[in-house]
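All chains are named by letter (A, B, ...) in the order of the sequence lines, taking the proteins before the strands, and each is independently numbered beginning at 1.
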Amino acid sequence: MRYSQMFIPTLKQSPADAEVVSHKLMVRSGMIRQLAAGIYSILPIGVRVLRKVEQIIREEMNRIGGQEVFLPSIQPAELWQESGRWDFYGKELLRLKDRNNREFCYGPTHEEVITDIVRKEIKSYRQLPLIVYQIQTKFRDEVRPRFGIMRGREFMMKDAYSFHTDIASTEETYEKMKQAYSNIFKRCGLDFKMVEADSGSIGGSHSHEFMVLADSGEDAIGFCDACDYASNVEKAAAKTPAPVTPPNALQKLKQVPTPGHKTVAEVAEFLKIPSRKIVKTLVFETEQGLIAGLVRGDRQINPVKLKNLIGCEWLKPAPESLITSQTGLPCGFIGPVGLDMKVYADHEVAQMYDFVTGANASDSHFTGVQTTRDLKIEKFGDLLRVAAGDPCPQCPAGTYKIKRGIEVGHVFILGTKYSEEMKANYLDADGKEKPMVMGCYGIGVGRTAAAAIEQNHDERGIIWPPAIAPFQVLVIPVNYADEATRSASDKTYQTLLDMGIETLLDDRPERLGVKFNDADLGGVPLQIIIGPKNLKEGQVEVKSRKTNASELHDFPAVLEKVPQILEGL
RNA sequence: CGGGAUGUAGCGCAGCCUGGUAGCGCACCUCGUUCGGGACGAGGGGGUCGGAAGUUCAAAUCUUCUCAUCCCGACCA
């Protein structure tokens, strides 16, 4: 393409509302423009990049037997009512009505639609397994869209769905998917980690996320510094604590005054004890009513683990007003001794003795509390939010490191959750009807591009990994009005195009500085700078955007070497 | 949904406190000079100041309501 004919509205200044680099650079380099909160128009350069990512995804999906489909974005409510998600999905689901007042939603994901097709068309075990995928825009009415295209409400996503006769076959595909995902993100030039993940509200037995490491990431991931264990912090397992033998003479339960001292830190200081001798009681609201979770005083509770331990639908920290109105207990002094609600405790609590808890009375705590003697625990489990330095659950010597990551991909084994709800059954070899076993596998296309920028940029702009760059080569004539420069530039442009290399020719009558700055902002990996001075010596300048290293090469001989140079980037 | 902030030209902002009918930088157009890392000079176009109502002789400025956007939190395949 000729730059003068392309629509690339670049900006010198970042828009005031852009927070993260990828957002700023995408706007500045003319890839995207915002239309409404979390809704973006994708301009030509942006489209080129997204298509690159999509194409890589397609190739890897096809390679493992995936077949592309294109599904409706507007979906009837009945389908969602059938799966039970019409009510469960909440306000994030954008609902609409047609002229006949029938209810629809704009699809935030397509499990229902694809399951509907498959249940109608697939009847026999002979037709399974089946892997289909789609790359389309979806819409989730996020409470708080942010970071540009990284967390938009409307977003481009690849979703794959697989259908199987049994779990073994599903797991086989799951493994292939993990491999395909690794290939995809590797090809996109990303530094990523595959981590264990909580399957969240989509349900299912197990799940992995693909995380691009970046400080701007919204998720925390924990990984071992010695072995290959890596997990979203939501899920990251704590090492089971070693059994502790308590002394023979245990303290007696005793109520002590702790006026005005509510937090663990305050109580620890006031009673002159370490915070690890305190048990924290946290009250949560669930659909089953209020429940309490216990962890050691110096620990943080992980609500996701608590939710999974209880097996409830949802769970959130109970507001103080609710606790007081329902139980009459003073916040800050709540403790598990004689507490009138279900109490769940972390494994570590089981190993504690002579500890301190709230006394369920204003301005006082209990000391000398013993788990087995004084507490009635519904269930013990791992409830910890792991922290850097905690021991690895998988290997003997390693410890946790914590980093932030951008979730670009997520794979799930769904099991029969949807197939049972929606009666997606098949007949097995014995003629018996069985529910299909399913998996689903998502990649955020726009987010992948954004993540690539988060990882590949400098103060001047984007540095595209060649595989997803909008163009491979940018030809920059120093002065396009100069006859010799012009013909050499045109020749370069045409020759590279003929070689099948995506090339952009900056034929604008701009000053060189302007072109250089736009070039660095836009991040095309290879720049070929052609000007009268070097041309007189029969040379042109070839410069890498990434390393900023530039070399003079003989012209036109260098053109043949361009593919090779690109390889080496 | 709670807390905070901001809406003035395409972008970034000043003006608002103390009412008098809108300004700066960049971008854009014209001419000239310049031309290997965001040039300079001269001239020019573009805004019913987010919207509505109110106060006032007079509102970008004061009051009320409303809408939008952003940030923090809660939430989130």
Please confirm whether the backbone N or O of G38(A) pairs with a side-chain atom of R153(A), one donor and one acceptor, at under 3.5 Å?
no
Report which part of the nucleic acid P9(A) touches: base, sugar-phosphate, or nothing (heavy-atom distance under 4.0 Å, all strands).
nothing
Where the side chain of R511(A) is defined as all heavy atoms beyond and including C-beta, which of C75(B), C1(B), C35(B) is the nearest nucleotide?
C35(B)
For A74(B), the Watson-Crick or wobble counterpart (both distances under 3.5 Å)
none
What is the pairing partner of C62(B), taking Watson-Crick or G-U wobble pairs with both distances under 3.5 Å in any strand?
G54(B)
If I pick the P atom on U18(B) and the same atom on G3(B), what distance separates them, to the nearest angstrom?
27 Å
Side-chain (H23(A)) to main-chain (V20(A)) donor-acceptor, under 3.5 angstrom
no
Provide, to the nearest angstrom, the distance between the CZ atom belonging to F284(A) and the C1' atom belonging to A74(B).
13 Å
Rounded to whole Å, how long is the line connecting atom OH of Y89(A) with atom P of C75(B)?
17 Å
Where do H206(A) and Y174(A) land on the ring pair (Phe, Tyr, Trp, His ring centres under 6.0 Å) test, with the steps shown first?
CA-CA 10 Å; H206(A) 60 290; Y174(A) 187 77; 5.1 Å; yes
Distances for protein N/O vs nucleotides 11-13 of chain B N/O pairs under 3.5 angstrom?
| from | atom 1 | to | atom 2 | distance (Å) |
| --- | --- | --- | --- | --- |
| G12(B) | OP1 | A16(A) | N | 3.0 |
| G12(B) | O4' | Q13(A) | OE1 | 3.4 |
| G12(B) | O2' | Q13(A) | NE2 | 3.3 |

Against the side chain of D518(A), the closest entry in G36(B), G38(B), C71(B) is G38(B)
What is the separation between atom NZ on K91(A) and atom C1' on A74(B), rounded to the nearest whole Å?
13 Å
Sticking with atom P, work out how far G23(B) lies from A60(B), rounded to a whole angstrom.
13 Å
Evaluate the ring pair (Phe, Tyr, Trp, His ring centres under 6.0 Å) criterion for residues H410(A) and F412(A): first the C-alpha distance (whole Å), next the side-chain angles of each, then the deciding distance (0.1 Å), finally the verdict.
CA-CA 7 Å; H410(A) 202 159; F412(A) 300 84; 4.0 Å; yes
Atom CG of L521(A) and atom P of G37(B): how far apart are they, to the nearest Å?
19 Å
For L383(A), is there any backbone N or O sitting under 3.5 Å from a side-chain donor or acceptor partner on N302(A)?
no
Is any side-chain heavy atom of P108(A) less than 4.5 Å from a side-chain heavy atom of K138(A)?
no
Looking only at heavy atoms, which two atoms of E92(A) and E142(A) are closest? And how far apart?
CG-N, 4.2 Å
5'-most contact on RNA chain B: Y441(A) or G531(A), nearest heavy atom basis?
G531(A)
Let me spell it out: for each of N479(A) and T10(A), pick the nucleotide of RNA chain B with the closest heavy atom. Which residue's pick is nearer the 5' end?
N479(A)
Whole-Å distance, K307(A) NZ to C75(B) P, equals 12 Å
Report yes or no: is there a donor-acceptor pair, N or O only, under 3.5 Å between the side chain of D520(A) and the base of G37(B)?
yes
So, using salt bridge (Lys or Arg N to Asp or Glu O under 4.0 Å) as the criterion, who are the partners of R545(A) when residues are at least two apart?
D458(A), D520(A)
K515(A) side chain N/O closer than 4.0 Å to the phosphate oxygens (OP1, OP2) of G37(B)?
no
Taking only heavy atoms on the protein side, list every residue of residues 533-545 of chain A lying under 4.0 Å from any atom of RNA chain B, sorted numerically.
K533(A), N534(A), E541(A), K543(A)
Among the nucleotides A74(B), C26(B), U69(B), whichever has the atom closest to the side chain of K12(A) is C26(B)
d(CD, E19(A); P, U6(B)) in whole Å:
16 Å
Sticking with atom P, work out how far C26(B) lies from A42(B), rounded to a whole angstrom.
12 Å
P atoms of G12(B) and U64(B), separation to the nearest Å:
28 Å
Base, sugar-phosphate or nothing for E218(A)? Non-hydrogen atoms, less than 4.0 Å.
nothing
P atom, G36(B) versus G25(B): distance in rounded Å?
26 Å
Report yes or no: does E454(A) contribute a side-chain atom to a donor-acceptor pair with the main-chain N or O of S22(A) at less than 3.5 Å?
yes
NA contact type, R33(A), heavy-atom cut-off 4.0 Å: base, sugar-phosphate, or nothing?
nothing
Across all chains, not counting sequence neighbours, the ring-ring contact (aromatic ring centres under 6.0 Å, His included) partners of W464(A) are none
Touch class at under 4.0 angstrom, heavy-atom based, for R153(A) against every strand present:
nothing
Would you please name every residue forming a side-chain contact (heavy atoms from CB on, under 4.5 Å) with K546(A), sequence neighbours left out?
I463(A), S544(A)
What residues, two or more places apart in sequence or in another chain, satisfy salt bridge (Lys or Arg N to Asp or Glu O under 4.0 Å) together with R28(A)?
none
Between C49(B) and U6(B), how far is it from one C1' atom to the other, in whole Å?
14 Å
Roughly how many Å is it from CZ in F516(A) to P in G36(B), rounded to a whole number?
10 Å
d(CZ, R28(A); P, A27(B)) in whole Å
14 Å
Please give the nucleotide sitting opposite A68(B) as a Watson-Crick or G-U wobble pair, both distances under 3.5 Å, or none.
U6(B)
When the P atoms of G20(B) and C13(B) are compared, how many Å lie between them, rounded to an integer?
24 Å
On a whole-Å scale, what distance lies between the P atoms belonging to A14(B) and A9(B)?
12 Å
Among G36(B), U69(B), C26(B), the one nearest any side-chain atom of V478(A) is G36(B)
Selection from G37(B), C75(B), G38(B) that lies nearest to any side-chain heavy atom of P317(A):
C75(B)
